[in-house]
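What follows is one structure encoded as structure tokens, with my remarks underneath.
In what follows, chains carry the letters A, B, and so on, assigned in the order in which the sequence lines appear, proteins first and then strands, with residues in each chain numbered from 1.
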Amino acid sequence: MIKVVFFAALREQLNCSELSLSSENLTTIADLKAELASKDDKWQQVFANSALLSAVNHDMVNSEQAIEAGDEVAFFPPVTGG
Amino acid sequence: MIKVVFFAALREQLNCSELSLSSENLTTIADLKAELASKDDKWQQVFANSALLSAVNHDMVNSEQAIEAGDEVAFFPPVTGG
Amino acid sequence: MTENTSPEISIQTTDFSLADEVALLEHENACDGAVVTFTGRVRDRNEGKHVTSLTLEHYPGMTEKSLAKILCTAKVRWRLGRVKVIHRVGELFIGDQIVFVGVTSKHRQDAFAANEFIMDYLKVQAPFWKKESTEQGNNWLDAKTSDENKAAKW
Amino acid sequence: MTENTSPEISIQTTDFSLADEVALLEHENACDGAVVTFTGRVRDRNEGKHVTSLTLEHYPGMTEKSLAKILCTAKVRWRLGRVKVIHRVGELFIGDQIVFVGVTSKHRQDAFAANEFIMDYLKVQAPFWKKESTEQGNNWLDAKTSDENKAAKW
């Protein structure tokens, strides 16, 4: 399984903070995004946003990043702390 | 008269913190330096130091700066505060 | 509260004392002549709107890891003595302290550069998000291109 | 004690409180989100020698005038809220605070830049001189070319 977490505006838009997916057929972040976007129109729209950031196991990554079972993947908007 | 003040290492080398000179024949800082340097070998040596800084009425100036009666002229080594 | 892995990094809901933090940076530290601090506070206005409060969300675990990487990079690039980063989360009000970065060094240039570097990278890499409450309602702040550009200059 | 012409500038023999100074900079100042402070302290070593104390001399009148010019320049170059500069004179010991520069601004970039600018110019233009007491005796410090070069870069 892959644990997927969402933060901030993204979490509110999806009304979801965390979910788990089977890692079967998911090789990269891009695959995972496509899988999530296929859920419905709202998810499709949210994952069409190219500004979205991704992290795997607490490190920022790009869409080509490989993922595997046991990973924690996060999606979130550009950060605005400080 | 021109009031002349000395600070820090310069004050100690000259063993003098303040003196007054007639402004007659003194048109610029360079004139005043030459006048002071003529006092004796020690003063000659001290004023030969090109790193020496000068101020007139609390503003940093160079040797071409004009001076006149009533001015306060200061000579001191490069500053080292902060 | 998040478990903090390094004493140099603290993510907390509670306020902090600038004086206490600087005292810790300076305690038994006679070799560092320069101490630079940055404090970020909640402003009463943002882009023309009156702000009443900010709510800060973060990604526990990743926040500490990303800050640790930023501090590690700063220590490699500059000769630093001690470093401390505190970032508050939760709801904060006008004038409240949000973030503290404190750096000591033998020399001021390293302390200034490292402090600004840490803030610039925190702004674009550490997973914090601000939601603003204004008279017109609540909204998540947009990231600024200027922050991206500023970080890219280092 | 010197009579100070501006509340933004203080030349004093007594110590100062970082916390009190920052509290004044922040008091009823909800528009400035960024506060940067620099504190300079007496180090225990300088160029390989053990320092026991520093004695700071200055040129009363010119000191205040030169600092006022530096602050004025900083305010023209950056968008600043409040500014404070404190410089101590007399004999100071290891770990003692020598100088404080505090700057507030709406944005952090201005606060960082202005604070470092003020320190860089203070170092080369304000008439202060340090005499060092070491185990080898007393000596006036030499000015550093690196300080001249750093100030020239602004």
Checklist line | Inter-chain contacts: residues 44-79 of chain A against chain C, heavy atoms under 4.5 Å | finding: A55(A), N57(A), H58(A), D59(A), M60(A), E72(A), A74(A), F76(A), P77(A), P78(A), V79(A)
Next item on the list: With chain A as the partner chain, list the residues of residues 125-134 of chain C whose heavy atoms fall under 4.5 Å from it, by residue number, and write 'none' if nothing qualifies.
Entry: Q125(C), A126(C), P127(C), F128(C), W129(C), K130(C), K131(C)
Notebook entry, point to check: Would you find more than 12 non-hydrogen atoms of other residues, nucleotides or ligands less than 6.0 Å from E28(C) atom CD?
Noted result: no
Check: Crowded around D41(A) CG? As in, over 12 foreign heavy atoms under 6.0 Å?
Finding: no
Checklist line | Value rounded to 0.5 Å, distance of OG1 in T80(A) from CG in L56(C) | finding: 7.0 Å
Check: Would one find more than 12 heavy atoms of other residues, nucleotides or ligands at under 6.0 Å from atom CD of Q97(C)?
Finding: yes
Check: How far apart are the closest heavy atoms of P60(C) and F7(A), and which atoms are they?
Finding: CD-CE2, 4.5 Å
Checklist line | Per-residue contact mode, D147(C) against chain A (heavy atom under 4.5 angstrom) | finding: neither
Check: If you count the non-hydrogen atoms of other residues, nucleotides and ligands that lie under 6.0 Å from CZ in R77(C), is the total more than 12?
Finding: yes
